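Structure first, commentary second.
Chain letters run A, B, ... following the sequence lines, proteins first and then strands; every chain starts at 1. FYI, side chains are in, hydrogens and waters are out, and symmetry mates aren't considered; it's all heavy atoms of this structure. All figures in this text were calculated on a predicted structure; none of them were measured in a lab.
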Amino acid sequence: MEHAIADLGVQVEKKRDDLDEFFDEFINSKPIFNDKSVLQSNYNPDKIQHREDYIKDIAKILAPALRKERPSNLFIYGKTGTGKTTCINHVLNKISNIAHTREIPLEVISINCKLKKVADTEYRIILEILKQLGREMPSTGISTNELYKELYDAIEQKKRTVLLVLDEIDSLIKKAGDEILYNLTRINPELKQAEISIVGITNDLTVMDTVDARVKSSLNEEELVFLPYNAVQIQDILGDRAIMAFHSEVLDEEVIPRCSAYAAREHGDARRALELLRFAGEIAEREGSDKVLPGHIDTADKKTERNRIIDVIKSQPKQFQLVNYAIIKTSMKEKHNLVTSKKTQIIEPTTTGAVYDYYNKVAKELGIVTLSLRRISDIIIELEVLGLINFKIVSKGRYGRTRFISVGLPKTLYKEVLDILREDLSIS
DNA sequence: CGAGATTCATGTGAAGTATACCTTTAGGCTTAA
DNA sequence: AAGCCTAAAGGTATACTTCACATGAATCTCGTA
């Protein structure tokens, strides 16, 4: 007995030593970051590299606002991480500063349509615009028409030029259709003392094909396409930010080239490159390493994709998670190899019906309300929009028509995602 | 044997329902004169 | 009488359901070569 206690004592003491050591090490190790915020995606740099021409273009288009004239509507296309938002913000900041100091009446409203809580329906967008105009409105209880009237009124009362920036407008169009755009473009003729210009930003070039031709032509008064950065440019950007973000001599010289190589591999996504660099730094910090090594970039690369997917999955409502779970489960099949008689798991597309059956079964077991097939069909489409799954509609002739649904995850994540879903849904 | 009809499984649009919020209104109660 | 609180009534958006019809190629049917 005594012996045991003594043993325990030793163990505790030893553990404390370990911890102490760890903390000592942590404190003594040179800090990696100087200013991490520089690498955050919402950071607005003073100078934007390799985008000077675009910035000038945007400035030219929006400049009339400073003369109390209505700038043309502007549409900006470009893949993620090509600097669209950064450039626009940069120009807008400048413009509103000038407007402010010279007392030119100008109002800038900027909305990111992708932030889900903010806005994913027509109603909520208008609500958000009104909020930024300084008019809080109830989240329900008023008809959309009423809301539009309020919007006219609010803008009219401002008696100034209003620049309305809709970032990631594609996700809005996908979810709520083009009616908002149509209505917004038609506000102008009704305004007497104010004017509104719309700046739309989108990653998805194809979405605009689906909108009404009239809307399209009136929005595309001016159009700008952002081309992706190449590896060299990304390297420049990273280098620039790294100087501010990290303490000197912390980065292994291989790190930045490798980081930009990873990002360029996709399509020149600068945001991703920065994220990767920051994450690698954090990993190095956590490991207590006093240098960021290329290996850290590799780890970060693997983990960022994973984190993104897991975030998306975790933030889904229960029903969506269940459907997702059913899709993954039904797309995994066991195959007996006749020669070796071993079981191997293979992954092949499922169908709506199979998913629905499985969904029903599990939902009943869990005591969750089961939704109709119609609704599940819509949920499947929404999961596709989120990029978690892919599907195509296939007609199997005599055997009907269905979606062939496949899971859009890297194979290595299947197990983990399943575990997460199981946990969230408390499936044993 | 081939053209046209049939069939299956589910896609898809429209309309209806339940629910969650929100404002307005009508009492009902309190309070101050 | 005026003020204030509360509950009921009347709106709306959203998520979901129900109903009805649309799809499209494998399969079937049947007339014809």
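Ion pair R375(A)/E382(A) flagged as a salt bridge, since at least one NZ, NE, NH1 or NH2 atom sits closer than 4.0 Å to an Asp/Glu carboxylate oxygen. Between R124(A) and E128(A) there is no salt bridge, since none of the side-chain N atoms of the basic residue sits less than 4.0 Å from a carboxylate O of the acidic one.
Straight-line distance from the CD atom of E150(A) to the P atom of dT12(C): 16 Å, rounded to whole Å. The distance between atom CD1 of I125(A) and atom P of dA13(C), rounded to the nearest whole Å, is 16 Å. As rounded to whole Å, 16 Å separates atom P of dG11(C) from atom CG of N145(A). dA13(C) atom P lies 10 Å from atom CD of E122(A), rounded to whole Å. One atom, CZ of R124(A), and another, C1' of dT12(C), lie 13 Å apart when rounded to the nearest Å. The interatomic distance linking L147(A) (CG) with dT14(C) (P) rounds to 10 Å, in whole Å. Distance CZ (R403(A)) to C1' (dA25(C)): 18 Å, rounded to an integer number of Å. In this structure, Y356(A) atom OH and dG11(B) atom P are separated by 12 Å, rounded to whole Å.
Set against dG11(B), dT14(C), dC16(C), the side chain of Y123(A) has dT14(C) as its closest nucleotide.
If you check every strand for non-hydrogen atoms under 4.0 Å, T402(A) touches sugar and phosphate atoms only.
Using a 4.5 Å heavy-atom threshold, the side chains of V38(A) and R278(A) count as separate. Residues L133(A) and L151(A) are in side-chain contact: their nearest non-hydrogen atoms beyond the backbone lie under 4.5 Å apart. The closest side-chain heavy-atom distance from Y414(A) to Q345(A) is not below 4.5 Å. In this structure, the side chains of R241(A) and P45(A) come closer than 4.5 Å at one or more pairs of heavy atoms. Using a 4.5 Å heavy-atom cutoff, the side chains of L409(A) and I309(A) are in contact. Under the 4.5 Å side-chain criterion, counting only non-hydrogen atoms from C-beta, Y262(A) is not in contact with R272(A).
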task: Produce a footprint string for nucleotides 13-24 of chain B: one letter per nucleotide, 5' end first; B if the base is under 4.0 Å from any protein heavy atom, S if only the sugar-phosphate is, - if neither.
output: B-------BS--

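A side-chain donor-acceptor contact under 3.5 Å links N34(A) to the backbone of M244(A).
Close to dT10(B), at under 4.0 Å from its OP1 or OP2, lies no side-chain N or O of R375(A). Under 4.0 angstrom from either OP1 or OP2 of dA13(C) there lies no side-chain N or O belonging to T121(A). Within the 4.0 Å cut-off from OP1 or OP2 of dT12(C), not a single side-chain nitrogen or oxygen of T144(A) is found. At the phosphate of dT12(B), neither OP1 nor OP2 sits under 4.0 Å from any side-chain N or O atom of S377(A).
One donor-acceptor pair, N or O on each side, does fall under 3.5 Å between the base of dT23(C) and the side chain of R401(A).
Contacts between residues 386-400 of chain A and DNA chain B, defined by a heavy-atom separation below 4.0 Å, involve I393(A), G397(A), R398(A), Y399(A), G400(A), listed by number.
Taking the six-membered ring for Trp and the full ring otherwise, F33(A) and F246(A) have centroids separated by under 6.0 Å.
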